[in-house]
J.: 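The following block contains the structure, expressed as C-alpha cells.
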Amino acid sequence: MNLFADIKTLVTDSLHSMQATGALPADLDFSNVTVEPPRDAMHGDMATNAAMVLAKPARKKPREIAQTLAEILVADPHVISADVAGPGFLNLRIDPANWRAVVPAVLQKGADFGRSDMGKSRRVNVEYVSANPTGPLHVGHTRGAVFGDALASLLDFAGYDVTREYVINDGGSQINTLARSAYLRYLEAHGQEVSFPDGVYPGDYLVPVGQALKEKFGDTYVDQPEDAWLEEFRNFATDAMMDLIREDLALLGVKMDVFFSEKSLYGTGKIEACLQTLKDKGLIYEGTLEPPKGKKPDDWEPRVQTLFKSSEFGDDADRPVMKSDGSWTYFAPDIAYHHDKILRGFDELIDILGADHGGYVKRMKAAVNALSDGKVPLDIKLCQLVRLFKNGEPFKMSKRAGTFVTLRDVIDLVGPDVTRFVMLTRKNDAPLDFDFSKVLDQSKDNPVFYVQYAFARVNSVMNKARDGGLDVSDTGLQNADLDGLSDDAELGLLKKLGEWPRMLELAAKHHEPHRIAFYLFDLASEFHSLHNLGKTNPEMRFWQPENPDLSQTKIALIRSVAVVLSAGLGILGVTPMQEMR
RNA sequence: GCACCCGUAGCUCAGCUGGAUAGAGCGCUGCCCUCCGAAGGCAGAGGUCUCGCGUUCGAAUCGCGACGGGUGCACCA
C-alpha cells in the first residue's frame, strides 16, 4: 500500500470528473499534479498543487479550481477535510484510520512492505567497482562498491530486474606492469635482491603471488627475457588479484552477478563489429583533432586518426577510437563493452565511477545513445572522494599497501555495517569525510549508532513485554485494536511509516540511495522522541503491564517501525542489531 | 581556455526535479531520569540559500552572466 499513490489516484479521478461536468476543459495534462506531504504538518496530512498547475492551461483561477476539487474530494470517505490555502494549495486531512492501516500492512508484509512494481521488471545493468586488477581495493573503490550495491538493491526493491556487474580491465598495459611487478617478487622468492623502480607496483600484496609463481614454475623463468614469461605471469597475476578483490568485496558484503572480462573483447571481432555498427551509421571517420587546450603537451603534432563523432550527441569534441599506429584506444573496447550490454538486452544501464572519470561521461553517453538509437538510457553516477580522518587528523597510509588505505584497513577498523552506512549518508556527488573515531562513537552524534539503537530499543521493549506475558508475535500484533493510537506523536510516526513506499520510489527513480539513510534517521528520531514521552508520562509507555490491550496496540506500532528500519537497513546492506554492545 | 560537480546556520550536510514561515546533526545556552535502555529527549539563539539579471501566480530549486572551490581535459588506462 502507498497512501500517497492512493490519494493521487483519487485526485486525478476527481479531476477527470470535473472534466466530465465541464468544470475543466477536456484536453489537460495531469502529469505535473503531485500529492506530497506538506512542509508544515499544521497544514494537514497531504497537499496537492493540482489547481495551480492546471490554472493556466484551463484558463481558470487556481482558487476556483481548488474549491471545486475540494468539494469533490471531501465527499470521499478517506478525506476528512480539504481546505484551499495560499495561492491555490489544497490541503487534505486524511481519516486517521488510513494511517493506522499502515501497521497491519507492515506486519503482514514484513520486509517486503514498500516493495514496488514501478520498475516493471525492466532489465537494469548496474556496473560498479570495476577496479583494475592490479592490487587490493582501496577506500575510493569502497565508496563506489557500497553505493553501487545499495543502488542495485534499491532498484530491485522497486521492481527492476537488476544485474550487478564488474568489468575486469585485463586488456590494458597496466596488466603488463602488474606482470613485471609480480616477476620481481618471483625473483625475490628465489632469493634474489630486487629493487622496485618507479612504474611498478611495490605493494606487499604481491609477495605471496611471487611465492605462488615459484611453486608453480620453479626457476624456469629466473633469467629469462620478458617475452618468455610475460603472458604467463600476466594471466597468473590477474587471477590472483581478482581473487584478492573478490575477497575484499565479500568482506564488504558485495556480491556480483557478472564479472566481465575486457580481454574477451579482443581478438573475437567484437570491437570491430561494434565499430562497424557505428560506421554504418556514418559516425566513424578519419580526421585530425585540435591540439588540447590548457597545458599543451610539448610533443603534440597533428595526426590522422580514426574518430567517433561523439560531438553529434552533445560531447565537446570527437574522440579517437584508434591510435595512429593502428591499435585501439581505451575508448574502443569500452564502447564495445557497452555495446555488449545493449546486445544482452538491458533496458537501462548505470555506471558507477570515481569522480576523476568525469571527463568520460559525455563520450560514453554519446556512444550508448548512438548504438541503441537513443533507446537505452545510460546514467553515470560519479562518486566523490572519501577523506579519511582519525581523531580529526588526516589518515593516509596503509600498513598493507604502503601507499594507500585499503578497503580491508577500513573494514578491520570499523566493520562492514558502519562502513556501508556512513558512506551512504552523503549523496554520491558530495565529498565524504570519514572519521574512524567518530563513526564508532556510541552516541546520538553518530547516525549509524542512532538508527541501530532505535531498532535495538524496540527489541528491548518487546522482550520486556514478552517476559510480561504479552503476545508480541507479528500475527498476534496484527490483531491489535489500533484505535488507541491517537496521540499526535503516534500519528506522526504512523505518517512517517506511510511515507516509506513513496520515499523509496523517489529514491529509486533518482538513483539516490542516500535518501534511505536520511529517511531511516528521521524515522529513528521520531521513534526516540515518542519513546521519551514515556519517561515523564507513564500513559505514553509502550509496555504497560496493567493494560495489555493498549500495550499490544502501541507495540504493534513500534514493531512496525522496527520492520521498516530493518528493511531500509537491508537495502543499504547493513545488518540491524538486536542489542547494542 | 573548455567541460563537469559543488557553493544553504559558526562547522558538516539534507531540502522529496518549481510550492506555503528554508530543515537536521555538531557546537553554544537552558531544561527533563525513584526512568519500557539518559547509549535518549525537549526548548532557545543562530540565514540576504555566494552575487546579479531573467522565466512565472511562485525560485535554494529552472535559464543566462559573474565570483569562489573541486575534478577532468594525450594516441594513458
Side-chain angles (χ1 to χ4, degrees), chain A residues 32 34 36-40 42-43 47 49 52-53 55-56 61-62 85-89 91 132 169 171-175 262 289 291-297 299-300 303 305-306 315-317 320-325 327-331 333-334 354-362 382 384-385 425-427 429-431 433 438 441-447 449-450 452-454 456-458 460-465 468 499 502-503 505-507 509-510 512 514-515 518-519 521-522 525 528-536 538 540-545 551 554-555 558 579-580:
Chain A
N32 288 327
T34 61
E36 48 190 29
R39 193 180 295 266
D40 188 337
M42 295 295 284
H43 292 134
N49 63 351
M52 289 179 290
V53 172
K56 199 169 191 183
K61 290 178 184 163
F89 277 104
N91 291 324
N132 288 342
N169 285 304
S173 64
Q174 79 283 359
I175 297 298
E262 187 204 323
L289 286 176
K293 302 282 200 282
K295 39 177 181 180
K296 198 179 287 187
D299 57 347
W300 191 88
R303 267 178 275 219
Q305 313 162 235
T306 307
D315 199 0
D316 311 307
V321 293
M322 191 184 273
K323 304 177 197 172
S324 52
D325 67 3
S327 63
W328 301 119
T329 62
Y330 176 74
F331 190 34
D334 218 14
D356 54 340
H357 289 73
Y360 219 64
V361 172
K362 283 187 179 179
L382 300 175
Q384 277 289 349
L385 293 175
T425 53
R426 206 107 303 174
K427 48 183 182 203
D429 47 14
D433 287 351
K438 280 187 188 159
D441 187 22
Q442 301 225 333
S443 79
K444 61 176 177 165
D445 308 351
N446 180 2
F449 171 80
Y450 189 77
Q452 292 270 32
Y453 178 39
R457 221 174 189 184
V458 172
S460 171
V461 173
M462 288 176 65
N463 287 338
K464 211 131 204 160
E499 279 178 37
R502 176 177 178 274
M503 189 283 313
E505 289 194 349
L506 285 166
K509 181 178 163 197
H510 297 291
E512 293 184 338
H514 77 274
R515 293 192 192 199
F518 281 92
Y519 171 85
F521 184 84
D522 286 348
S525 175
H528 285 307
S529 182
L530 181 62
H531 181 283
N532 222 66
L533 290 176
K535 296 282 176 201
T536 47
M540 290 306 292
R541 289 188 195 153
F542 305 129
W543 168 230
Q544 301 173 29
S551 296
K554 289 175 180 291
I555 288 174
I558 63 168
E579 57 181 329
M580 310 302 294

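Note on naming: letters A, B, ... go to the chains in the order of the sequence lines (proteins, then strands), and numbering restarts at 1 for each one.
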J.: Between C26(B), A3(B), A20(B), which one does the side chain of Ala47(A) approach most closely?
T.: A20(B)

J.: Can you see if the side chain of His514(A) gets near the phosphate of G15(B) - specifically, an N or O under 4.0 Å from OP1 or OP2?
T.: yes

J.: Under 4.0 Å between any heavy atoms, over every strand shown, what does Pro62(A) touch: base, sugar-phosphate, or nothing? Just pick one.
T.: nothing

J.: Would you say A77(B) has OP1 or OP2 under 4.0 Å from some side-chain N or O of Lys323(A)?
T.: yes

J.: Write down the distance separating the P atoms in U34(B) and G44(B), rounded off to the nearest Å.
T.: 25 Å

J.: Between His528(A) (NE2) and C32(B) (C1'), how many Å, whole number?
T.: 17 Å

J.: What distance, rounded to whole Å, do you find between the two P atoms, one in G65(B) and one in C5(B)?
T.: 14 Å

J.: Could you check which of A3(B), U12(B), G19(B) has an atom nearest any side-chain atom of Glu36(A)?
T.: G19(B)

J.: Whole-Å distance between U61(B) C1' and Glu512(A) CD?
T.: 13 Å

J.: Among C13(B), C16(B), C5(B), which is the nearest nucleotide to the side chain of Arg426(A)?
T.: C13(B)

J.: From the options His528(A), Glu579(A), Gln452(A), select the one residue that forms a side-chain hydrogen bond (donor to acceptor under 3.5 Å, both in side chains) with Arg457(A).
T.: His528(A)

J.: Give me the distance, rounded to whole Å, that separates C53(B) from A43(B) when you measure between the C1' atoms they each carry.
T.: 42 Å

J.: Figure out the OH/P separation between Tyr519(A) and A24(B), and round it to whole Å.
T.: 17 Å

J.: Choosing from A24(B), C57(B), C42(B), which nucleotide comes nearest the side chain of Ser529(A)?
T.: C42(B)

J.: Which is true for Phe521(A) with a 4.0 Å heavy-atom rule: it touches a base, it touches only sugar-phosphate, or it touches nothing?
T.: sugar-phosphate

J.: For the side chain of Lys427(A), starting at C-beta, report the closest nucleotide among G19(B), C16(B), A14(B).
T.: A14(B)

J.: To the side chain of Asp356(A), which of G19(B), G41(B), U71(B) is closest?
T.: U71(B)

J.: Whole Å only: how far is the CZ atom of Phe449(A) from the C1' atom of C26(B)?
T.: 17 Å

J.: Picking from A20(B), C26(B), C16(B), which would you name as closest to the side chain of Arg515(A)?
T.: C16(B)

J.: What contact category does Ala430(A) fall into here, base, sugar-phosphate, or nothing, at under 4.0 angstrom with non-hydrogen atoms?
T.: sugar-phosphate

J.: In whole angstrom, give the distance that lies between atom CG of Leu533(A) and atom C1' of C35(B).
T.: 13 Å

J.: With a 3.5 Å limit on both atom pairs, tell me what G44(B) is paired to, counting Watson-Crick and G-U wobble, or say none.
T.: C28(B)

J.: When you compare A9(B) with U48(B), how far apart are their C1' atoms, in angstrom units rounded to a whole number?
T.: 13 Å

J.: CZ of Arg502(A) versus C1' of U17(B): gap in Å, rounded?
T.: 12 Å

J.: Report yes or no: is there a donor-acceptor pair, N or O only, under 3.5 Å between the side chain of Asp334(A) and the base of A77(B)?
T.: no

J.: Which word best sums up how the rings of Phe518(A) and His514(A) line up, parallel for under 30°, tilted for 30 to 60°, or perpendicular for over 60°?
T.: perpendicular

J.: Which heavy-atom pair separates Val53(A) from Asn32(A) by the least distance, and what is that distance?
T.: CG1-CB, 3.6 Å

J.: The side chain of Val53(A) is closest to which nucleotide in this list: G41(B), G19(B), A3(B)?
T.: G19(B)

J.: Taking any strand in view, what nucleotide pairs with C67(B) in a Watson-Crick or G-U wobble way, both distances under 3.5 Å?
T.: G7(B)

J.: What interatomic distance, in whole Å, is found between P of C51(B) and the corresponding atom of A60(B)?
T.: 11 Å

J.: Any side-chain N or O of Thr329(A) under 4.0 Å from OP1/OP2 of A74(B)?
T.: no

J.: If you check the Thr536(A) side chain, which of C36(B), A20(B), C32(B) turns out closest?
T.: C32(B)

J.: Which base sits across from G18(B) as a Watson-Crick or G-U pair, both distances under 3.5 Å?
T.: none

J.: With centres under 5.5 Å and planes under 30° as the test, does His43(A) stack with A20(B)?
T.: yes

J.: Under 3.5 Å for both donor-acceptor distances, Watson-Crick or wobble: does A60(B) have a partner, and if so which one?
T.: none

J.: Classify the side chain of Arg457(A) versus the base of C36(B) as yes if they form a donor-acceptor pair under 3.5 Å and no if they do not.
T.: no

J.: Pick the C1' atom in A3(B) and in U8(B), then give their distance to the nearest Å.
T.: 25 Å

J.: Would you mind pulling out the nucleotide paired to U34(B), Watson-Crick or G-U wobble, both distances under 3.5 Å?
T.: none

J.: Under 4.0 Å from OP1 or OP2 of C76(B): is there any side-chain N or O of Tyr360(A) that close?
T.: no

J.: Closest to the Asn91(A) side chain: C36(B), G72(B), A20(B)?
T.: A20(B)

J.: Would you mind reading off the distance between Phe542(A) atom CZ and G41(B) atom C1', rounded to a whole angstrom?
T.: 12 Å

J.: Quickly work out the Glu505(A) CD to C16(B) P distance and round it to whole Å.
T.: 17 Å

J.: At under 4.0 Å, does any side-chain N or O of Lys362(A) touch on OP1 or OP2 of C4(B)?
T.: yes

J.: Is there a Watson-Crick or G-U wobble partner for U55(B) with both distances under 3.5 Å, and if so, which one is it?
T.: none

J.: Taking NZ, NE, NH1 and NH2 as the nitrogens, is one of them in Lys438(A) or Asp445(A) under 4.0 Å from a carboxylate oxygen of the other?
T.: no

J.: For C57(B), does the O4'-C1'-N9-C4 (purine) or O4'-C1'-N1-C2 (pyrimidine) torsion place it in syn, i.e. within 90° of 0, or in anti?
T.: anti

